[in-house]
Amino acid sequence: MASEGRAQRVGDQIQRELAGILLQEIQDPRVGMITVNEVKVSRDLAWADVYYTRMDVEGAGDSEKVLGGAAGYIRSLLAGRMSLRSVPRLRFHFDVTAANARHMEQLIDRAVESDQHPTGSADGEDE
């Protein structure tokens, strides 16, 4: 559909512009160093869900609160940088995908390590 393609293009442009805005304009230390992973824009271009990650997962709640509170200000900065009649309202979400991937990688590493150094077999046989 044409509207889905437009929403995707607008989302991509918002993602690029947000990277600059968050780096240059948002100075709150509670936000920390974040990366915008994806922006999903509704088909009617009314809302944009912004998914981001942080290096330190512990501060994710603070950053989500700060970004949510600054969403109107960030939207106004976007309006100045984009040629849209109406800029979508922003909703920020901490993207847990990267954190889950790190956790799964640690679990896999532990499983591989335990397979390489077994403490004994379940049926009592030595290999």
Side-chain angles (χ1 to χ4, degrees):
M1 292 190 156
S3 63
E4 288 177 15
R6 177 163 166 71
Q8 178 67 42
R9 287 191 305 275
V10 169
D12 291 345
Q13 185 180 4
I14 289 173
Q15 183 175 353
R16 284 190 302 275
E17 296 297 341
L18 274 178
I21 288 171
L22 294 174
L23 183 64
Q24 298 164 0
E25 304 288 336
I26 305 300
Q27 302 298 322
D28 193 316
R30 295 174 294 173
V31 172
M33 187 66 148
I34 67 172
T35 302
V36 177
N37 294 343
E38 183 177 15
V39 177
K40 293 182 181 178
V41 178
S42 63
R43 288 177 50 180
D44 62 359
L45 304 180
W47 291 94
D49 290 301
V50 179
Y51 297 89
Y52 70 93
T53 56
R54 285 178 54 124
M55 293 299 287
D56 58 328
V57 177
E58 294 78 32
D62 286 341
S63 62
E64 195 163 348
K65 240 183 268 183
V66 170
L67 291 170
Y73 172 68
I74 296 169
R75 182 179 180 216
S76 68
L77 293 174
L78 273 174
R81 294 180 180 210
M82 297 178 68
S83 58
L84 290 175
R85 192 170 358 131
S86 175
V87 174
R89 295 180 66 185
L90 303 173
R91 294 183 288 211
F92 289 91
H93 310 281
F94 179 70
D95 190 354
V96 296
T97 306
N100 288 345
R102 280 192 294 270
H103 179 68
M104 292 300 291
E105 189 174 294
Q106 290 171 346
L107 291 175
I108 291 168
D109 288 345
R110 277 192 239 146
V112 168
E113 180 70 23
S114 69
D115 284 350
Q116 291 175 350
H117 305 288
T119 58
S121 60
D123 58 6
E125 294 179 20
D126 289 328
E127 295 178 31

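- Taking a 6.0 Å sphere around CE of M33, one finds it holds 12 or fewer heavy atoms contributed by other residues, nucleotides or ligands.
- Taken to the nearest 0.5 Å, the CD atom of E4 stands 5.0 Å off from the CZ atom of R43.
- Hydrophobic clustering (side-chain heavy atoms under 4.5 Å, transitive across Ile, Leu, Val, Met, Phe, Trp, Tyr) groups V39 together with Y73.
- When all heavy atoms of D44 and S42 are compared, the closest pair comes out as OD1-OG, 2.6 Å.
- Within the structure, no pair that satisfies the salt bridge (Lys or Arg N to Asp or Glu O under 4.0 Å) test touches residues 109-118, not counting sequence neighbours.
- V96 and Y51 are members of different hydrophobic clusters when ILVMFWY side chains are connected at heavy-atom separations under 4.5 Å.
- For R54 (side chain) and V31 (main-chain N/O), a donor-acceptor pair under 3.5 Å exists by modelled atom type.
- Here D49 pairs with R91 under the salt bridge (Lys or Arg N to Asp or Glu O under 4.0 Å) rule; sequence neighbours left out.
- You'll find the side chain of L67 reaches within 4.5 Å of the side chain of I34, heavy atoms only.
- Taking hydrophobic clusters as Ile, Leu, Val, Met, Phe, Trp and Tyr residues chained together by side-chain heavy-atom distances below 4.5 Å, L90 shares a cluster with L45.
- Residue F94 is grouped with residue V66 when hydrophobic side chains (ILVMFWY) are merged at heavy-atom distances under 4.5 angstrom, including chains of intermediate members.
- Annotation for S86 and R75: closest pair OG-NH2, 4.0 Å, computed over non-hydrogen atoms.
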In residues 15-27, what donor-acceptor pairs under 3.5 Å come from side-chain atoms, sequence neighbours left out?
{"from": "Q15", "atom 1": "NE2", "to": "V36", "atom 2": "O", "distance (Å)": "3.1"}
{"from": "Q15", "atom 1": "NE2", "to": "N37", "atom 2": "O", "distance (Å)": "3.2"}
{"from": "Q27", "atom 1": "NE2", "to": "Q24", "atom 2": "O", "distance (Å)": "2.8"}

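- The hydrophobic cluster containing L84 does not contain W47, counting ILVMFWY residues as joined when their side-chain heavy atoms lie under 4.5 angstrom apart, directly or transitively.
- Going from atom CD1 of I108 over to atom CE of M104 covers 5.5 Å, rounded to the nearest 0.5 Å.
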